[in-house]
Participant: 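Right, I'll just put the structure down here and ask away after.
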Amino acid sequence: MPYIISEEARDLLSDVKKFCDNEVREQAKEFDKTGEWPKEMYDKAIEQGYTALEVPEEYGGVGLSRVDIAALMEEMAKADAGFATTVSASGLGMKPVLIAGNDEQKRRVCEKILEGSFAAFCLTEPGAGSDPGAGKTTAVKDGDSYILNGRKCFITNGAVADVYLVAALTNKELGMKGMSMFLVESGTPGLSTGNHEDKMGIRCSNTCDVVFDDCRIPAENLIGKEGDGFKIAMQTLDQARTWMGCLATGIAQRAMEEAVAYAKERIQFGKPIIKNQAMHFKIADMEIKIETARQMVAHALTKMDLGLPYSMESAIAKCYASDIAMQVASEAIQVFGGYGYSREYPVEKLLRDAKIFQIFEGTNEILRIVVGNNIVK
Ligand code: COS
């Protein structure tokens, strides 16, 4: 059963489905092989407004609820999780500004996204993954500017973004309490990209190092106040994790659909294998997991839409959906048998794509800490 969405979103959903069928689903197979970032495909998505779905209505966005957007994002993830990750990472990059920025900053970033720019959220560093408070990137105040130095890694959209939201220390002695958040625009001298990741999955998304070498930005690009950076980053991730749960659900849904279609065609012992009750049980277990994940995503997003606390629900949604995406993709391979292990068939890619969802935007181990802390507190 899909999300319960508005009439407007239903119309958009059928457009997204058509777009994904025509422009993404088949093409993504090739990009999975080459690992290229398909600019042409993304330009078409920008033209349709799909990269700006999360822009709030007051800043020129379409004004859909988060649950509405989830239905569209799941459809994109079903077609290709790398494509959906690129789109969603722009939403992630916008969040620090929407959470803590001033009106001018929000307007500036939203305008750029509406014009077709991508955003990137730069928190992780080589020595600061699960422990972002250990970050070493610095921002030193110099008159009306800050000068940034450091290296961020595993940054989605790192080489293709126009807007970077960067966590950097304005006071090294204070550690995470000395962390601040900055807006850096592409083309700023001292901003460059480094190592590009050759990834196991979501291969048509761009992931690379982002380097700051005496990168001077106007002081007005500070988001919130000095020292607010860690909390802004945590609030950003609190929201963003649900979206990763949504995408993981899309991968699982695709895996189940592929498994059902194959089981109807595959003849063994003189009948389609779908006729075996064992197959029904497999498919029922997949559906139970997928629908539970989807409802958890919807629940977390509804709480966000209503302004209720959602940190724990978001962690649960991402953690559960990514775990079941791995399970369902693996079971889909099992249904395909030997063919499922072959690159010729679509399901092995789904398993590779699903894996990262247990890792990024908070490993599932960290998310269990978040859930545990919420319960204990
Ligand atoms: N929202 C707002 N504030 C938060 C918060 C949240 N979700 N989580 C923590 N904070 C605040 C705390 O309230 C605390 O502030 P005070 O000292 O003023 O009370 C401060 O941040 C430090 O909190 P805490 O001591 O819990 O931080 P930890 O270093 O122990 O880290 C975890 C907590 C592990 C939850 C955090 O580091 C985390 O989420 N790590 C994973 C990071 C991640 O997802 N990286 C992947 C990025 S890919 S884009």
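Residue numbers count from 1 along this sequence. These values consider heavy atoms only, across backbone and side chains, with no hydrogens, waters or symmetry-generated copies.
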Participant: Do L351 and K355 touch side chain to side chain, with heavy atoms closer than 4.5 Å?
Facilitator: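 A side-chain contact is absent here, since even the closest heavy-atom pair is not under 4.5 Å.
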Participant: Hey, are R254 and E257 close enough for a salt bridge, meaning a charged N less than 4.0 Å from a carboxylate O?
Facilitator: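 No, R254 and E257 are not salt-bridged.
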Participant: Donor-acceptor pair, N195 side chain versus D209 backbone, under 3.5 Å?
Facilitator: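 Side chain of N195 to backbone of D209, a donor-acceptor pair under 3.5 Å: no, none is there.
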Participant: Salt bridge between K39 and D43, side-chain N to carboxylate O under 4.0 Å?
Facilitator: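 Yes.
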Participant: Give a yes or no answer on whether the side chain of H280 reaches the backbone of I274 with a donor-acceptor pair at less than 3.5 Å.
Facilitator: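 Here the side-chain-to-backbone pair exists.
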Participant: Please answer: with hydrophobic residues joined when any side-chain heavy atoms are less than 4.5 Å apart, are I251 and F360 in the same cluster?
Facilitator: yes
Participant: So how far is it from S88 OG to L247 CG, rounded to the nearest 0.5 Å?
Facilitator: 5.5 Å
Participant: Let me see the working for D353 and K349 under salt bridge (Lys or Arg N to Asp or Glu O under 4.0 Å), right down to the final yes or no.
Facilitator: CA-CA 6 Å; D353 286 347; K349 172 179 178 291; 2.8 Å; yes
Participant: Answer yes when E26 and K29 have at least one side-chain N-carboxylate O distance shorter than 4.0 Å, and no when they do not.
Facilitator: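 Yes, E26 and K29 are salt-bridged.
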Participant: Can you give each donor-acceptor pair under 3.5 Å made by side-chain atoms of residues 155-166, sequence neighbours left out, with the distance rounded to 0.1 Å?
Facilitator:
from : atom 1 : to   : atom 2 : distance (Å)
N157 : ND2    : T86  : O      : 3.2
N157 : ND2    : A119 : O      : 3.1
D162 : OD1    : S186 : OG     : 2.9
D162 : OD2    : S117 : OG     : 2.9
Y164 : OH     : G158 : O      : 2.7
Y164 : OH     : A161 : O      : 3.3

Participant: Would you say the side-chain atoms of T292 pair up with the backbone N or O of I288, donor to acceptor, closer than 3.5 Å?
Facilitator: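 Yes; judged by distance alone, with no hydrogens or angles, the pair exists.
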Participant: For D11, does the CG atom sit with more than 12 other heavy atoms under 6.0 Å from it, leaving out its own atoms?
Facilitator: yes
Participant: Distance-only check: which donor-acceptor pairs under 3.5 Å involve side-chain atoms of residues 370-377, not counting sequence neighbours?
Facilitator:
from : atom 1 : to   : atom 2 : distance (Å)
N374 : ND2    : V370 : O      : 2.9

Participant: Compare all side-chain heavy atoms of T137 with those of L169 and state whether any distance is below 4.5 angstrom.
Facilitator: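 Not in contact.
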Participant: Would you say E125's side chain and K136's backbone share a donor-acceptor pair under 3.5 angstrom?
Facilitator: yes
Participant: Would you say the side-chain atoms of K318 and N364 include a donor-acceptor pair closer than 3.5 Å?
Facilitator: yes
Participant: Using side-chain heavy atoms (C-beta onward) and a distance below 4.5 Å, is F269 in contact with N276?
Facilitator: no
Participant: With side chains defined as the heavy atoms from C-beta onward, is the minimum distance between W243 and R66 less than 4.5 Å?
Facilitator: yes
Participant: Measure across G245 and V297 and return the closest heavy-atom pair with its distance rounded to 0.1 Å.
Facilitator: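 In terms of heavy atoms, the two residues are closest at C-CG2, 3.6 Å.
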Participant: Would you check if the side chain of S330 reaches a backbone N or O of M326 as a donor-acceptor pair within less than 3.5 Å?
Facilitator: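 Looks like no, no N/O pair under 3.5 Å.
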Participant: What are the two closest heavy atoms between V347 and A332, and how far apart are they?
Facilitator: CG1-CB, 3.8 Å
Participant: So does K282 pair up with E331, basic N to acidic O under 4.0 Å?
Facilitator: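 Yes.
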Participant: Could you check whether any side-chain N or O of D228 sits under 3.5 Å from a backbone N or O of K225, counting only pairs where one atom can act as donor and the other as acceptor?
Facilitator: yes
Participant: So is K141 actually on top of Y146's ring, under 6.0 Å and inside 45° of the axis?
Facilitator: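 Satisfied, under 6.0 Å and within 45°.
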Participant: So, for Y50 and F19, is the gap between ring centers shorter than 6.0 Å?
Facilitator: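 Ring-ring flag for Y50/F19: true, centres closer than 6.0 Å.
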Participant: Check S90 against F118 and note the closest heavy-atom contact, atom names and distance.
Facilitator: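 The pair with the smallest heavy-atom distance is OG-CA, 3.2 Å.
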Participant: Can you tell me if D323 and Q358 form a side-chain donor-acceptor pair at under 3.5 Å?
Facilitator: yes
Participant: Does D80 reach the main-chain N or O of G82 with its side chain, forming a donor-acceptor pair under 3.5 Å?
Facilitator: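 At least one qualifying donor-acceptor pair exists.
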Participant: Any donor and acceptor pair, going by atom type alone, linking the side chain of D68 with main-chain N or O of A9 inside 3.5 Å?
Facilitator: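 No: the side chain of D68 does not pair with the backbone of A9.
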Participant: Residues sharing F281's hydrophobic cluster, by side-chain heavy-atom contacts under 4.5 Å among ILVMFWY, directly or via others?
Facilitator: none
Participant: Assigning hydrophobic clusters by single linkage (Ile, Leu, Val, Met, Phe, Trp, Tyr; side-chain heavy-atom cutoff under 4.5 Å), is I69 placed with V55?
Facilitator: no
Participant: Yes or no on salt bridge (Lys or Arg N to Asp or Glu O under 4.0 Å) for E58 and K106, after CA distance, side-chain angles and deciding distance?
Facilitator: CA-CA 10 Å; E58 59 187 301; K106 289 180 188 172; over 6 Å; no
Participant: Below 4.0 angstrom, N of the basic side chain to O of the carboxylate: do R203 and D198 qualify?
Facilitator: yes
Participant: Please say yes or no: joined through hydrophobic side-chain contacts below 4.5 Å, possibly via intermediate residues, are F357 and L92 part of one cluster?
Facilitator: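 No, it is not one cluster - the side chains of F357 and L92 are not joined through contacts under 4.5 Å.
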Participant: Enter the distance from I369:CD1 to S130:OG here, rounded to the nearest 0.5 Å.
Facilitator: 8.0 Å
Participant: Between CD1 of I147 and CG of D142, what distance do you get to the nearest 0.5 Å?
Facilitator: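 Taking CD1 in I147 and CG in D142, the distance rounds to 4.0 Å.
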Participant: Any idea which heavy atoms bring G133 and M176 closest together, and the distance?
Facilitator: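 Nearest pair, atom of G133 first, then M176: CA-CB, 3.9 Å.
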Participant: Does atom CD of E104 have more than 12 heavy-atom neighbours, drawn from other residues, nucleotides or ligands, at distances under 6.0 Å?
Facilitator: yes
Participant: Is a side-chain N or O of Q327 found less than 3.5 angstrom from the main chain of S322, in a donor-acceptor match?
Facilitator: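 No.
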Participant: Short question: side chain of S314, backbone of Y310 - any donor-acceptor pair under 3.5 Å?
Facilitator: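 A pair under 3.5 Å: no.
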Participant: In the structure I gave you, are the side-chain heavy atoms of P132 and T124 within less than 4.5 Å of one another anywhere?
Facilitator: no
Participant: Just one of E287, E291, R294, E75 clears the side-chain hydrogen bond (donor to acceptor under 3.5 Å, both in side chains) bar with Q253, so which one?
Facilitator: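 It is R294; the other options fail the test.
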Participant: What do you reckon, are the aromatic ring centroids of W37 and Y42 less than 6.0 Å apart?
Facilitator: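 Ring centroids of W37 and Y42 are less than 6.0 Å from each other.
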Participant: If you measure only the distance, is there a donor-acceptor pair under 3.5 Å linking the side chains of T138 and K172?
Facilitator: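 No, no side-chain donor-acceptor pair sits under 3.5 Å.
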Participant: Can you tell me which residue among Q48, K44, K18 is in a side-chain hydrogen bond (donor to acceptor under 3.5 Å, both in side chains) with E23?
Facilitator: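 Considering Q48, K44, K18, a side-chain hydrogen bond (donor to acceptor under 3.5 Å, both in side chains) with E23 is found only for K44.
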Participant: Flag the pair R107 and D103 as a salt bridge only when some basic side-chain nitrogen lies within less than 4.0 angstrom of an acidic carboxylate oxygen.
Facilitator: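 Yes, charged N to carboxylate O under 4.0 Å.
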